[in-house]
**Q** 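Before anything else, here's the structure in question.
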Amino acid sequence: MKSIQYKEYQLSDLSNLIIEYDRKIENRFRIEIVLLIMEQRKQYCLSIHLPEFNAPVDLPISYGDVRKKGDIVYLNDVLSGIQIILKEKDPNTFCCCTGFYFLIDKEFVYQSINFCDEEYLSFNFDEGKRRRVKRERLYEDRMSNEKVPFQLGMYGYQLTFEINFQYQQFFDTGCGFHLLISKGIWKKNGNTLKLYDPDLRYSFLLLIRNGDLIRIRYQEDTDLYYLFPNKDRMYPFIMR
């Protein structure tokens with residue numbers, strides 16, 4: 001069994017974090033945003049940490065390769081292709097220059113060096129790469145410039161398209177709350193949807209298919225490609 005060494009950093013300021021709790025949740029619990037950097041493997045994992053559960057929960061938001069140039073650290077996500085850019089202020093502190101909206105100008109502060117058996121890591125780097133390649137092939141096969149109808153509203157309880165071309169993407173934790181991780185402008189061309197996030201300086205990518213959406217370059221670690229419309233939260237507006 002292989003043991004992995006990693007450095008743990010914690011986001012010091014959560015004031016910008018936007019969270020929606022389920023109605024059944026009576027008591028809100030403590031949330032931490034944790035960055036693990038595995039220097040020997042040149043990999044990272046950014047996750048939501050819930051320390052107050054009986055068994056602490058770690059939910060990966062982003063993971064991938066790490067590259068450092070001078071005092072700049074580039075975190076290249078394997079799931080969607082986004083790039084998070086950090087600037088090293090001192091040996092124990094990174095400041096985020098480009099990333100999710102709740103990270104911008106915030107600091108990751110060093111906590112400790114730890115070890116973990118590889119099988120207990122909360123993410124699988126090779127599996128993430130496999131999913132990314134499979135989705136890109138799916139896009140090449142199904143992308144079309146022909147006009148297709150697209151209804152505005154909420155898809156999959158996590159992705160909302162507004163009439164003013166704004167979108168919001170939530171991360172479903174499965175723990176009674178949703179974390180807003182991306183917001184910006186959406187644009188449609190044929191059966192392709194591009195979701196531009198100005199904080200990430202990146203466009204997520206989806207395909208429209210018979211009223212459903214297919215996740216291509218998307219920030220969620222799952223083999224489930226499809227997002228289905230939430231019938232109770234759809235608008236009576238169809239774009240073509």
**Q** Do Ile185 and Gln166 have side chains that get closer than 4.5 Å, going by heavy atoms?
**A** yes
**Q** Give the cluster check for Met154 versus Leu179: same hydrophobic cluster or not, with ILVMFWY residues linked at side-chain heavy-atom distances below 4.5 Å.
**A** no
**Q** Please find the pair of heavy atoms, one from Pro149 and one from Ile238, that lie closest to each other, and give the distance.
**A**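 Scanning both residues completely, I find the closest heavy atoms to be CB-CG2, 3.7 Å.
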**Q** Keeping the roles fixed (side chain from Ser47, backbone from His49), state whether a donor-acceptor pair exists under 3.5 Å.
**A**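 No.
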**Q** Of the non-hydrogen atoms in Tyr225 and Leu138, which two are nearest, and what is the gap between them?
**A**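 So the minimum-distance heavy-atom pair works out to CD1-CD2, 4.1 Å.
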**Q** Are Leu206 and Tyr235 connected into the same hydrophobic cluster when the rule is that any two of I, L, V, M, F, W, Y join if their side-chain heavy atoms are below 4.5 Å apart?
**A** yes
**Q** Can you check whether Ile18 reaches Phe102 side chain to side chain, under 4.5 Å on heavy atoms?
**A**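 No, every pair of side-chain atoms sits at 4.5 Å or beyond.
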**Q** Would you give the length of the straight line joining atom SG of Cys97 to atom CD1 of Ile104, rounded to the nearest 0.5 angstrom?
**A**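 Here the interatomic distance stands at 8.0 Å.
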**Q** Testing the basics here: between Gly190 and Ile208, what is the closest heavy-atom pair and its distance to 0.1 Å?
**A** O-CD1, 4.4 Å
**Q** Between the main-chain N or O of Phe165 and the side-chain N or O of Lys187, is there a donor-acceptor pair closer than 3.5 Å?
**A** no
**Q** Do Arg215 and Tyr226 come close enough that some side-chain heavy atom pair is under 4.5 Å?
**A** no
**Q** Are Leu14 and Val109 grouped together when hydrophobic residues (ILVMFWY) are joined by side-chain heavy atoms under 4.5 angstrom apart?
**A**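 No; Val109 is not reachable from Leu14 via cluster members.
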**Q** Yes or no on side-chain contact (heavy atoms from CB on, under 4.5 Å) for Leu46 and Leu36, after CA distance, side-chain angles and deciding distance?
**A** CA-CA 6 Å; Leu46 178 69; Leu36 308 181; over 6 Å; no
**Q** Which pair of heavy atoms, one from Ile113 and one from Gln5, lies closest together, and at what distance?
**A** CG2-CG, 3.8 Å
**Q** Side chains of Asp65 and Phe125: does their closest heavy-atom pair fall under 4.5 Å?
**A**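 In short, these two side chains touch, coming nearer than 4.5 Å.
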**Q** Would you say the rings of Tyr63 and Tyr44 are close, in the sense that their centroids are separated by under 6.0 Å?
**A**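 No, the ring centres sit 6.0 Å or more apart.
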**Q** Stepwise, does the side-chain contact (heavy atoms from CB on, under 4.5 Å) test hold for Tyr218 with Gln169?
**A** CA-CA 10 Å; Tyr218 194 80; Gln169 180 191 345; 3.5 Å; yes
**Q** Roughly how far apart are Ile82 CD1 and Ser62 OG, rounded to 0.5 Å?
**A**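 So the gap between those two atoms works out to 4.5 Å.
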**Q** Taking only residues at least two apart or on different chains, which pairs with a member in residues 189-203 satisfy side-chain hydrogen bond (donor to acceptor under 3.5 Å, both in side chains)?
**A**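 Found Ser182-Asp197.
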**Q** Hey, mind stepping through Leu11 and Leu35 against side-chain contact (heavy atoms from CB on, under 4.5 Å) and telling me if it holds?
**A** CA-CA 8 Å; Leu11 191 66; Leu35 173 65; over 6 Å; no
**Q** Tell me whether Leu159 is reachable from Phe237 by hopping between hydrophobic residues (I, L, V, M, F, W, Y) whose side-chain heavy atoms are closer than 4.5 Å.
**A**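 Looking at the clustering, Leu159 is in the same group as Phe237.
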**Q** Mind checking whether Leu193 and Leu213 have side chains closer than 4.5 Å, heavy atoms only?
**A** yes
**Q** Hey, what do you get for CZ (Arg131) to NZ (Lys134), rounding to the nearest 0.5 Å?
**A**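 The NZ atom of Lys134 is 9.5 Å from CZ of Arg131, to the nearest 0.5 Å.
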**Q** Salt bridge check, Arg209 against Asp212: does any charged N sit closer than 4.0 Å to a carboxylate O?
**A**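 Looking at Asp212 and Arg209, the cut-off is met.
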**Q** State yes or no: do Val133 and Ile216 share one hydrophobic cluster built from I, L, V, M, F, W and Y residues joined by side-chain heavy-atom distances below 4.5 Å, directly or via other members?
**A** no
**Q** Can you give me the closest heavy-atom contact between Leu59 and Phe171, atom names plus distance?
**A**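 Looking at all heavy atoms of both residues, the shortest contact is CB-CE2, 4.1 Å.
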**Q** If I take atom CG from residue Leu79 and atom CZ from residue Arg132, how far apart are they, to the nearest 0.5 angstrom?
**A**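 Taking CG in Leu79 and CZ in Arg132, the distance rounds to 8.5 Å.
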**Q** Quick check: Phe150 with Phe161 (ring centres under 6.0 Å apart)?
**A** yes
**Q** Minimum heavy-atom separation for Lys106 and Asn16, please, with both atom names.
**A**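 Smallest heavy-atom distance, with atoms named: CE-ND2, 3.4 Å.
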**Q** With distance as the sole test, does Gln43 use its side chain to make a donor-acceptor pair with the main-chain N or O of Val66 at under 3.5 Å?
**A** no
**Q** Is the number of heavy atoms from other residues, nucleotides or ligands within 6.0 Å of CZ (Phe228) greater than 12?
**A** yes
**Q** Could you tell me whether the side chain of Leu200 reaches within less than 4.5 Å of the side chain of Phe100, counting heavy atoms only?
**A**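 Yes, side chains in contact.
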**Q** Please step through side-chain contact (heavy atoms from CB on, under 4.5 Å) for the pair Val73 and Leu75, ending with a clear verdict.
**A** CA-CA 7 Å; Val73 177; Leu75 308 179; 3.9 Å; yes
**Q** Taking transitive links into account, so neighbours of neighbours count too, which hydrophobic residues share a cluster with Ile85 at under 4.5 Å side-chain distance?
**A** Ile72, Tyr74
**Q** So, taking the atom named CG in Leu195 and the one named OG in Ser80, what distance separates them when rounded to the nearest 0.5 Å?
**A** 11.5 Å
**Q** Between Trp186 (side chain only) and Glu162 (backbone N and O only), is there a donor and an acceptor less than 3.5 Å apart?
**A** yes
**Q** Are side-chain N/O atoms of Asn76 and Gln83 paired as donor and acceptor at under 3.5 Å?
**A**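 Note: Asn76 and Gln83 side chains meet the donor-acceptor criterion.
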**Q** Does the Glu32 side chain pair with the main chain of Arg30, one donor and one acceptor, at a distance under 3.5 Å?
**A**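 A pair under 3.5 Å: no.
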**Q** Any non-hydrogen side-chain atom of Arg217 less than 4.5 Å from a side-chain atom of Arg135?
**A** no
**Q** Any chance you could measure Asn145, atom CG, to Lys147, atom NZ, to the nearest 0.5 Å?
**A** 11.5 Å
**Q** Answer yes or no: is there a side-chain heavy-atom contact under 4.5 Å between Phe108 and Val34?
**A**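 Phe108 vs Val34: side chains apart.
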**Q** Check Glu127 with Arg130, please: is the shortest side-chain N to carboxylate O separation under 4.0 Å?
**A** yes
**Q** Is a donor on one side and an acceptor on the other found under 3.5 Å between the side chain of Thr160 and the backbone of Tyr167?
**A**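 No: the side chain of Thr160 does not pair with the backbone of Tyr167.
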